[in-house]
2 protein chains.
Amino acid sequence: MKQQKRQLDGQPEPTKSELEILQVLWQKGPSTVRTVNDTLNEEMRDVNYTSTLKLMQIMLDKGLLLRAIEGKNHIYRPAEQQEIMQTRVIKGLATLAFGGSPASLVMRVLGNGDTSPEELEEIKRMIEQLEKQK
Amino acid sequence: MKQQKRQLDGQPEPTKSELEILQVLWQKGPSTVRTVNDTLNEEMRDVNYTSTLKLMQIMLDKGLLLRAIEGKNHIYRPAEQQEIMQTRVIKGLATLAFGGSPASLVMRVLGNGDTSPEELEEIKRMIEQLEKQK
DNA sequence: ATATAACTAAGAAAAAATTCGTAGGAAATT
DNA sequence: AATTTCCTACGAATTTTTTCTTAGTTATAT
């Protein structure tokens, strides 16, 4: 009777390991545990297959993932769009470390210097777009 | 022989609760545990005094905080500048949820719509500054 | 001087997150 | 049909993070 806690109160907040898995799924689209696990091991760090499996089952339980059953395999996919989830975790971090101000978070990233000139241009264009819509 | 782990390998990554405490210290400057705890209780959530104390001691241990002893009281302050630490945690999140691209993180925040026109202007000015420096 | 209040220290408990081991079933291979 | 391989399920152990309890010290006030 505690299993569904996250589903009920507010939106589910993925943990760090959960974010890693979500990122793989966003990249590759719906995938089996095997695929996710292989990707994690290639691109990030050593994880045991059953650890990934267990975590994905927990995420299913929390409502972070959905799955379809195809024969013997299970195919998982994120329950939320990447955009929505990214926005959610950013807001969480802004609250925690930036006095709740996403804008100051942006300033910090930009001030940090590893944004390329092309990216800066792109961001500027986006701002101009936003200002037009106003 | 495990206590100093974080100090040795890489930079210390604050946990969520630790970030809350850092945020108070960044806001108010060097403070006693009492002050930090009161602030947490007023502005964020209920925490027991000794919980805050314990956590700050752990943070001292990890090298996240420094302290000066004044008579009976201990005055804590962040070991790192706010800018540095914020940059660090942002990069962590970018790695975890944005494919390592801080710029796409910025786009996500801006696209999200709760940045005020004034803030947008400010960000745009900042970008122009950055482009000049180039 | 005694009591009260405010502080630190530190171990332990509790909660949350992560990893692992084992069991069992289905499919493929020999 | 037996063996090997690959999968899921799931409890349990581990690790990390957070909270709390108790003890002891110092200052302050009565």
Side-chain angles (χ1 to χ4, degrees), chain A residues 1-7 9-10 12-22 24 30-38 40-41 44-76 89 92 96-97, chain B residues 1-10 12-24 30-38 40-41 44-76 89 92 96-97:
Chain A
M1 285 305 102
K2 131 120 82 78
Q3 174 192 26
Q4 300 233 8
K5 188 169 152 244
R6 299 221 180 206
Q7 216 121 305
D9 56 24
E13 281 270 347
T15 65
K16 294 188 177 191
S17 304
E18 288 170 349
L19 270 177
E20 284 182 339
I21 287 173
L22 284 173
V24 172
S31 309
T32 62
V33 175
R34 175 63 56 193
T35 303
V36 171
N37 187 248
D38 287 352
L40 288 179
N41 280 290
M44 312 195 162
R45 68 205 171 83
D46 280 7
V47 210
N48 199 303
Y49 174 84
T50 55
S51 299
T52 302
L53 169 64
K54 179 65 167 186
L55 201 35
M56 289 175 75
Q57 288 171 341
I58 290 172
M59 292 171 77
L60 179 69
D61 207 60
K62 284 186 186 174
L64 285 169
L65 298 183
L66 302 173
R67 84 175 165 194
I69 296 179
E70 281 191 13
K72 134 171 129 170
N73 292 20
H74 295 184
I75 314 242
Y76 290 83
V89 297
L96 230 45
Chain B
M1 278 307 102
K2 136 121 83 77
Q3 177 192 20
Q4 300 235 10
K5 189 169 152 245
R6 298 219 180 207
Q7 218 122 304
L8 298 175
D9 57 23
E13 280 271 346
T15 66
K16 294 187 179 194
S17 304
E18 289 171 348
L19 270 178
E20 285 182 338
I21 287 173
L22 283 173
Q23 196 163 201
V24 171
S31 309
T32 62
V33 176
R34 176 63 57 192
T35 302
V36 172
N37 186 249
D38 286 353
L40 288 178
N41 280 291
M44 312 192 160
R45 65 203 174 84
D46 280 8
V47 210
N48 199 304
Y49 174 85
T50 54
S51 298
T52 302
L53 169 63
K54 178 66 167 186
L55 201 35
M56 289 175 74
Q57 287 170 342
I58 290 172
M59 292 171 76
L60 180 69
D61 207 59
K62 283 186 187 174
L64 285 169
L65 298 184
L66 302 174
R67 83 175 165 194
I69 296 179
E70 282 191 11
K72 136 170 127 169
N73 292 21
H74 295 184
I75 314 244
Y76 291 83
V89 297
L96 230 45

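Given the structure is predicted, the values throughout are model-derived calculations rather than measurements. Naming: A, B, ... by sequence-line order, numbering from 1 per chain.
Taking 4.0 angstrom as the limit, A/R34 places none of its side-chain polar atoms (N or O) nearer than this to OP1 or OP2 of D/dC6. For B/Q57, a side-chain nitrogen or oxygen approaches OP1 or OP2 of C/dA9 to under 4.0 Å. Between C/dC7 and B/R67, no contact under 4.0 Å exists linking OP1 or OP2 to a side-chain N or O. At the phosphate of C/dT19, OP1 or OP2 sits under 4.0 Å from a side-chain N or O atom of A/R45. The phosphate of C/dT18 (OP1 or OP2) has a side-chain N or O of A/T15 nearer than 4.0 angstrom.
D/dT17 atom P lies 18 Å from atom CE of B/M56, rounded to whole Å. If you take CG of B/L53 and C1' of D/dT19, they are 12 Å apart, rounded to a whole angstrom. For B/Y76 and C/dC7, the OH to C1' distance is 11 Å, given to the nearest whole Å. Distance, A/N73 CG to D/dC6 C1': 9 Å, rounded to whole Å. Atom CG of B/D46 is separated from atom P of D/dT19 by 11 Å (rounded to the nearest Å). C/dA6 atom P lies 17 Å from atom NE2 of B/H74, rounded to whole Å. Between the OH atom of B/Y49 and the C1' atom of D/dT19 there is a distance of 15 Å, rounded to whole Å. When the C1' atom of C/dA12 is taken as reference, atom NZ of B/K54 falls 9 Å away, rounded to whole Å.
Remark: of the listed residues B/L22, B/L66, B/T15, B/L22 is the sole one forming a side chain to side chain contact (heavy atoms under 4.5 Å, CB included) with B/M59.
Closest to the side chain of A/V33, out of D/dT8, C/dA10, C/dC7, is D/dT8. Candidate nucleotides C/dT18, C/dT8, D/dT18 were compared by shortest atom distance to the side chain of A/S17, and C/dT18 ranks first. Among the nucleotides C/dG21, D/dC7, C/dT19, the one closest to any side-chain atom of A/T50 is C/dG21.
Between the B/D61 side chain and the B/Q57 main chain, no donor and acceptor come within less than 3.5 Å of each other.
Among all heavy-atom pairs drawn from B/M56 and B/L65, the shortest one is O-CD1, 3.9 Å. For the pair A/L40 and A/T52, the tightest heavy-atom approach, listed with the atom from each and the gap, is CD1-OG1, 4.0 Å. Of all heavy-atom pairs spanning A/E18 and A/E13, the tightest one is OE1-O, 4.0 Å.
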